[in-house]
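Structure, as structure tokens:
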Protein chains: 4
Amino acid sequence: MVAVMHSEHPSAIPQNGRLGRPRSVEADGAILRATREALVELGWSKVTVGDVATRAGVAKTTLYRRWAGKNELVVDAVAVLFDELELPDLGSLAADVESVVLRFAALLDRPETRTALMAVVAEATRDEALRRRIRTAIVDRQKCLVLEGRARAQARGELPYEDDPAAAARNADLIFDVIAGAVVHRTLVSAEPVDAGWARGFTVLLLSGLASLQR
Amino acid sequence: MVAVMHSEHPSAIPQNGRLGRPRSVEADGAILRATREALVELGWSKVTVGDVATRAGVAKTTLYRRWAGKNELVVDAVAVLFDELELPDLGSLAADVESVVLRFAALLDRPETRTALMAVVAEATRDEALRRRIRTAIVDRQKCLVLEGRARAQARGELPYEDDPAAAARNADLIFDVIAGAVVHRTLVSAEPVDAGWARGFTVLLLSGLASLQR
Amino acid sequence: MVAVMHSEHPSAIPQNGRLGRPRSVEADGAILRATREALVELGWSKVTVGDVATRAGVAKTTLYRRWAGKNELVVDAVAVLFDELELPDLGSLAADVESVVLRFAALLDRPETRTALMAVVAEATRDEALRRRIRTAIVDRQKCLVLEGRARAQARGELPYEDDPAAAARNADLIFDVIAGAVVHRTLVSAEPVDAGWARGFTVLLLSGLASLQR
Amino acid sequence: MVAVMHSEHPSAIPQNGRLGRPRSVEADGAILRATREALVELGWSKVTVGDVATRAGVAKTTLYRRWAGKNELVVDAVAVLFDELELPDLGSLAADVESVVLRFAALLDRPETRTALMAVVAEATRDEALRRRIRTAIVDRQKCLVLEGRARAQARGELPYEDDPAAAARNADLIFDVIAGAVVHRTLVSAEPVDAGWARGFTVLLLSGLASLQR
DNA sequence: CCCTAAACGAGACGGTACGTCCAGTCTTCAC
DNA sequence: GTGAAGACTGGACGTACCGTCTCGTTTAGGG
């Protein structure tokens, strides 16, 4: 993975002029850190903006200058964690898939993502801007793992190069929804652990199915 | 599917004795109906208990006597919709899967489920009782579709009978998470439509993968 | 004093026919007793009808069949206590007045009257029926003490017989308001004790003033 | 009377530092005015904090930040009216007393005091803080009228100067309870008008009695 | 000895107000 | 002009009582 390591404070780019006191640079980081801390302790629904501000040692005003509300704040706070997702080359597609499944499951097992992810997705069903934010901050970051894995497998000769770029994109999306969906559902809805056994079984199912898609 | 048609008011079973005025039987139904209506109009986060009570023509007290809060109420309100999920015998496993995928996607596309489902799942990460309620009211109802579909496919000779019951259960769970997860993720996270094409592609992937699991 | 010893349950006179189960005779007494008990423990504003019913071992319905609400109930509950007020003949008007002042103050010092009396008077400013109830149940009972004391003093020759009955009534009312008002104010507003010294001082003031009124 | 004209917002003195937005100065006045208005229209028991806030064009929060509850609020709202009580020098003690009796009665006849005064006194029997508040906000204001009237009468030679300061204080208290008590009782309990005739009769009684106390 | 009719207990009902909490905005002073 | 502090409006929360109602269950007297 390229590890974009996006800056922790893309929050807003006010800087209308160059006048006045510049924004505290530490504030953004402190706020996001406080948000994650609050999520761990209290869970999504009990986190309050005021409390986050207090934890961050920051006034509510400061926080609202940078984020529109709780939803946006939490998306950004959690998004950082998805930067950790990487796809080390383990030599085979199966190993790569198993690895990413386990890493993704581990990420969803952290209390801050666990409580926040579904909540913001739920909010997003009614809020296009939030949906975009989630997509760019979280979903796209995961989706490129799929693309990267496929490219690597193709380079290895495990998967054929596809002629039709539309079909290729369609397949990538399908695979992405299957992987992410299965892991999320297992973890958050079924509330059962994603262990090595499950990951292996899932990978077998996925790769066999995948093979038949390519034919 | 057996279409259990569970009673609309499992809300609470106080009935300590037979003393006192009995609870209004219509109230439960009216409240759940009002809840769905409010979900459609306002979306999860804007639904308020007071508003639901008003819509149902019921006092807040009455509502709180039967449900502990918004979460429990919404689970029960939405659960009813999952009773509609059926698995008509279309003659082949592939047709059955495609059909259930489309039906499930259609259910998730309804505004009341769309906005509510992820929200209650999110809350459930911090609330064991709610998690149980979701499981019994919603998840288990879906899972039995998987079992039913498999039994039917086995009867048709499309799938072998499994010797190891534990492995059989494990596979059923895996398939359930893959199907439900993929559809949910496609619908709510990726926010893309589950159309006939997607359903066909997904089914091909699933069934091919499935075949290899059995070997 | 005549010690009317009014029955403890004038609560209502339903008895439309003679049919059906007759009202429990103990209930009235138990309810009034429970009301006083609750007044002592909780004070007027925290007493609830439901709690009184429970204490009396009676259903709320039963209570509401007999009293219109908290106000009426409390008036009746407290009224009984005013029956205790008597005017023993101590041989002189001064002694009689001092005695009744002290007795009245002692009555107002009881927690149930203390907390209830002003409250119902306050409610009565907006409720003519309640005002009448207070008058007949409490005020008139005290006022006849004044009349009795005057008659006795006249018999003793301490006070002249008045010719004008209107003036006599006016004076009695004035004296009543002065005595009752001073004691109530001292006890409940100034919140200072009515002891023997105060009673003596007040009696001197009153009787001297009284003498000049008669001239 | 000196007409202290105490500020209309002694409600609370938080002012921990000088930080933050200062409390709205108009709010206090608007709230107290709205309280009196509501008292007039609805009477004590039907006044609600929420309604007062609405009338004052203020959020409930704002009101609760300044007063602990309905009792405290009403005391302050009514207290202002007692500032109007003055003791104009009419040249003789009798005239002064008659005048203050009529003024006080007129004050108690106003619907806002009528309904509120006894109610808060009733509550105060169970609440030491409220009792203190009543004393400083209302009672003490009246009591100084007594002291002023006596000083004036002494200056005129109508009353002797007292040697014993303790006895002087005792007498002032007694006179205060007798005047205030009689007027309150006549007005609120007996519910009869305090007219010129009654005031004259009462004054005669009081002053004659008073004379004998000094001897 | 049952029948009728009211009173009973229990507790659910529609309401109203409570006092608290949080969201998001606004106002002040200090830097 | 930014930042901390905190007051502001607005609105939902969940609880507590109110006074009414609807049950099933006594408990009389009159037939």
Side-chain angles (χ1 to χ4, degrees), chain A residues 14-24 27 45-51 53-54 56-70, chain B residues 14-24 27 45-51 53-54 56-66 68-70, chain C residues 14-24 27 46-51 53-54 57-70, chain D residues 14-25 27 45-51 53-54 57-66 68-70:
Chain A
Q15 303 308 68
N16 25 323
R18 194 152 311 283
L19 295 166
R21 175 170 170 180
R23 287 202 179 162
S24 157
S45 64
K46 295 219 165 53
V47 167
T48 69
V49 178
D51 179 45
T54 306
V58 138
K60 255 200 302 180
T61 325
T62 302
L63 199 156
Y64 273 110
R65 237 192 291 274
R66 296 161 196 232
W67 286 276
K70 194 165 125 174
Chain B
Q15 298 312 65
N16 20 327
R18 193 148 313 282
L19 291 167
R21 176 173 173 176
R23 291 200 177 162
S24 159
S45 64
K46 295 217 165 53
V47 167
T48 70
V49 178
D51 179 47
T54 305
V58 140
K60 244 197 316 176
T61 323
T62 300
L63 201 157
Y64 275 112
R65 227 189 302 275
R66 299 162 194 230
K70 196 166 122 174
Chain C
Q15 301 310 68
N16 25 324
R18 195 151 310 286
L19 293 167
R21 176 172 171 178
R23 288 198 178 164
S24 157
K46 296 221 164 54
V47 167
T48 70
V49 178
D51 179 46
T54 306
V58 138
K60 251 198 309 177
T61 326
T62 301
L63 199 156
Y64 274 111
R65 234 189 297 275
R66 298 159 195 233
W67 285 277
K70 193 166 126 176
Chain D
Q15 300 312 65
N16 20 326
R18 191 149 314 282
L19 290 167
R21 177 174 172 175
R23 291 199 177 163
S24 158
V25 260
S45 64
K46 295 217 165 55
V47 167
T48 69
V49 179
D51 179 47
T54 305
V58 141
K60 245 197 313 178
T61 323
T62 300
L63 200 157
Y64 275 111
R65 205 173 290 132
R66 298 161 194 232
K70 194 164 125 174

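All heavy atoms count here, side chains included; hydrogens, waters and symmetry mates do not. Chain naming here is simple, since letters A, B, ... match the order of the sequence lines and numbering starts at 1 in each.
- For the side-chain hydrogen bond (donor to acceptor under 3.5 Å, both in side chains) test, no residue two or more places apart in sequence or in another chain qualifies with B:Thr54.
- Looking at heavy-atom distances under 4.0 Å, D:Thr62 makes contact with a base.
- Nearest-nucleotide positions on DNA chain F place B:Lys60 closer to the 5' end than the other of B:Lys60 and C:Val47.
- Of the two residues contacting DNA chain E, namely D:Asp51 and C:Ala27, the nearest-nucleotide position lying further toward the 5' end is that of C:Ala27.
- Rounded to an integer number of Å, the gap from CZ of C:Arg23 to P of E:dG9 is 12 Å.
- Within the nucleic acid shown, A:Gly57 comes within 4.0 Å of sugar-phosphate atoms alone, with no base atom in reach, counting heavy atoms only.
- Considering CZ of D:Arg65 and OG1 of D:Thr62, their distance stands at 5.0 Å, rounded to 0.5 Å.
- For A:Lys46 and F:dA12, the NZ to C1' distance is 15 Å, given to the nearest whole Å.
- The nearest pair of heavy atoms linking A:Ala53 to A:Ala59 is CB-C, 4.1 Å.
- Taking atom NZ on C:Lys70 and atom C1' on F:dC17, their separation rounds to 9 Å, with Å as the unit.
- Whole-Å rounding puts the D:Tyr64 OH to F:dG11 C1' distance at 15 Å.
- In this model, the phosphate group of E:dC8 is approached by a side-chain N or O of C:Arg65 to a distance below 4.0 Å at OP1 or OP2.
- Residue-to-nucleotide proximity on DNA chain E shows that, of C:Ala59 and D:Thr48, the 5′-proximal contact is made by C:Ala59.
- Rounded to an integer number of Å, the gap from CG of C:Leu63 to C1' of E:dA7 is 14 Å.
- In this structure, C:Val49 and B:Val49 both approach DNA chain F, and ranking their closest nucleotides by distance from the 5' end singles out B:Val49.
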- Query: Which nucleotides of nucleotides 22-31 of chain F have their base under 4.0 Å from a protein heavy atom (B), which only their sugar-phosphate (S), and which neither (-), written as one string 5' to 3'?
  - Reply: BS--BB----
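- Rounded to the nearest 0.5 angstrom, C:Ser24 OG and C:Arg66 CZ are separated by 5.5 Å.
- The side chain to side chain contact (heavy atoms under 4.5 Å, CB included) test with D:Lys70 singles out one residue from D:Leu63, D:Val49, D:Thr48, and that residue is D:Val49.
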